[in-house]
Amino acid sequence: MMEELIIKISEQMIGTSITFVGLLFTSLSILMTLKDDNWKIKRLKQTNQFKKFVSLNTNTAIGFIVVFIFSIIIKIGLVYIYILYLYLFCLLFLSFNICKIVYRYKQIIILMLDNTKPYISE
């Protein structure tokens, strides 16, 4: 029963995983082309958090490529129960990463909307 459900999910994930890879590489290009006009963005690009965010995007894209390969293997019929559970675990892990990426983009958008510099009172 569970195996049939995972096989149906894998069939639908073949196209979806390629779509997510495209979206993640698009988001990486957006991150790389952020202009330093906003002083906060310029400062953000110099932090380790930004580098970790870029690597999270890259690793998630690679993960979806692995899911694509898993989907093809499952579709061909080389299915073992452990592969199916590993596949389900990968999907859950990648879904969690997508949520983290979306949250970080929300933070970047909020950061970009405010272009004011704080003034230090004397």
Side-chain angles (χ1 to χ4, degrees):
M1 180 76 168
M2 182 70 164
E3 294 85 16
E4 293 173 9
L5 177 65
I6 295 174
I7 290 172
K8 286 181 184 178
I9 290 172
S10 73
E11 289 173 353
Q12 294 178 359
M13 282 301 295
I14 289 175
T16 306
S17 60
I18 293 299
T19 303
F20 272 114
V21 168
L23 289 173
L24 288 168
F25 281 126
T26 302
S27 77
L28 281 172
S29 68
I30 290 170
L31 288 175
M32 294 301 138
T33 59
L34 281 176
K35 295 191 179 200
D36 295 339
D37 296 345
N38 188 324
W39 66 275
K40 292 178 185 177
I41 297 298
K42 185 175 183 178
R43 180 91 185 221
L44 175 70
K45 285 178 133 182
Q46 298 169 352
T47 64
N48 282 337
Q49 291 175 337
F50 185 78
K51 293 173 187 170
K52 288 179 185 177
F53 181 53
V54 170
S55 70
L56 175 68
N57 272 294
T58 306
N59 293 337
T60 305
I62 292 168
F64 273 108
I65 292 170
V66 170
V67 164
F68 176 73
I69 294 169
F70 270 154
S71 298
I72 291 174
I73 290 171
I74 291 171
K75 183 73 174 157
I76 290 173
L78 304 172
V79 181
Y80 298 102
I81 191 70
Y82 299 112
I83 291 176
L84 293 176
Y85 286 116
L86 180 65
Y87 179 79
L88 191 60
F89 175 75
C90 287
L91 287 177
L92 291 173
F93 179 73
L94 292 173
S95 299
F96 178 71
N97 280 351
I98 291 292
C99 291
K100 286 183 0 185
I101 290 170
V102 168
Y103 178 72
R104 296 283 186 208
Y105 268 111
K106 177 186 169 195
Q107 290 178 327
I108 289 174
I109 290 170
I110 290 171
L111 186 68
M112 289 176 62
L113 290 175
D114 184 18
N115 199 19
T116 60
K117 276 191 173 181
Y119 292 102
I120 299 173
S121 60
E122 293 180 19

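Fair warning: this is a prediction, and the values are worked out from it, not measured in the lab.
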Can you tell me how far apart OG1 (Thr19) and CG (Leu24) are? Round to the nearest 0.5 Å.
11.0 Å
Minimum heavy-atom separation for Val21 and Ala61, please, with both atom names.
CG2-O, 3.6 Å
Only counting residues at least two apart or in another chain, list the ones meeting salt bridge (charged side-chain N to carboxylate O under 4.0 Å, His left out) with Lys45.
Asp36
Separation of Met32 CE from Ser27 OG (nearest 0.5 Å)
9.0 Å
Looking at Thr47 and Leu44, what are the two nearest heavy atoms and their distance?
OG1-O, 2.7 Å
Proximity of Tyr105 and Phe53 rings by center, below 6.0 Å:
yes
Of Ile65, Leu86, Leu88, the residue whose pairing with Phe70 passes side-chain contact (heavy atoms from CB on, under 4.5 Å)
Leu86
Phe96: ring pair (Phe, Tyr, Trp, His ring centres under 6.0 Å) partners, not counting sequence neighbours:
none
Point-to-point distance, once rounded to the nearest 0.5 Å, from CD1 of Ile30 to CZ of Phe25
14.0 Å
Go through the structure and list residues passing ring pair (Phe, Tyr, Trp, His ring centres under 6.0 Å) with Phe20, not counting sequence neighbours.
Phe64
Could you tell me the separation between the OH atom of Tyr103 and the CD1 atom of Ile108, rounded to the nearest 0.5 Å?
12.0 Å
CG of Leu28 to CG of Leu56: how many Å apart, nearest 0.5 Å?
9.5 Å
Taking Ser17 as the fixed residue, which of Leu91, Ile72, Val67, Ile69 is the one that meets the side-chain contact (heavy atoms from CB on, under 4.5 Å) rule?
Val67
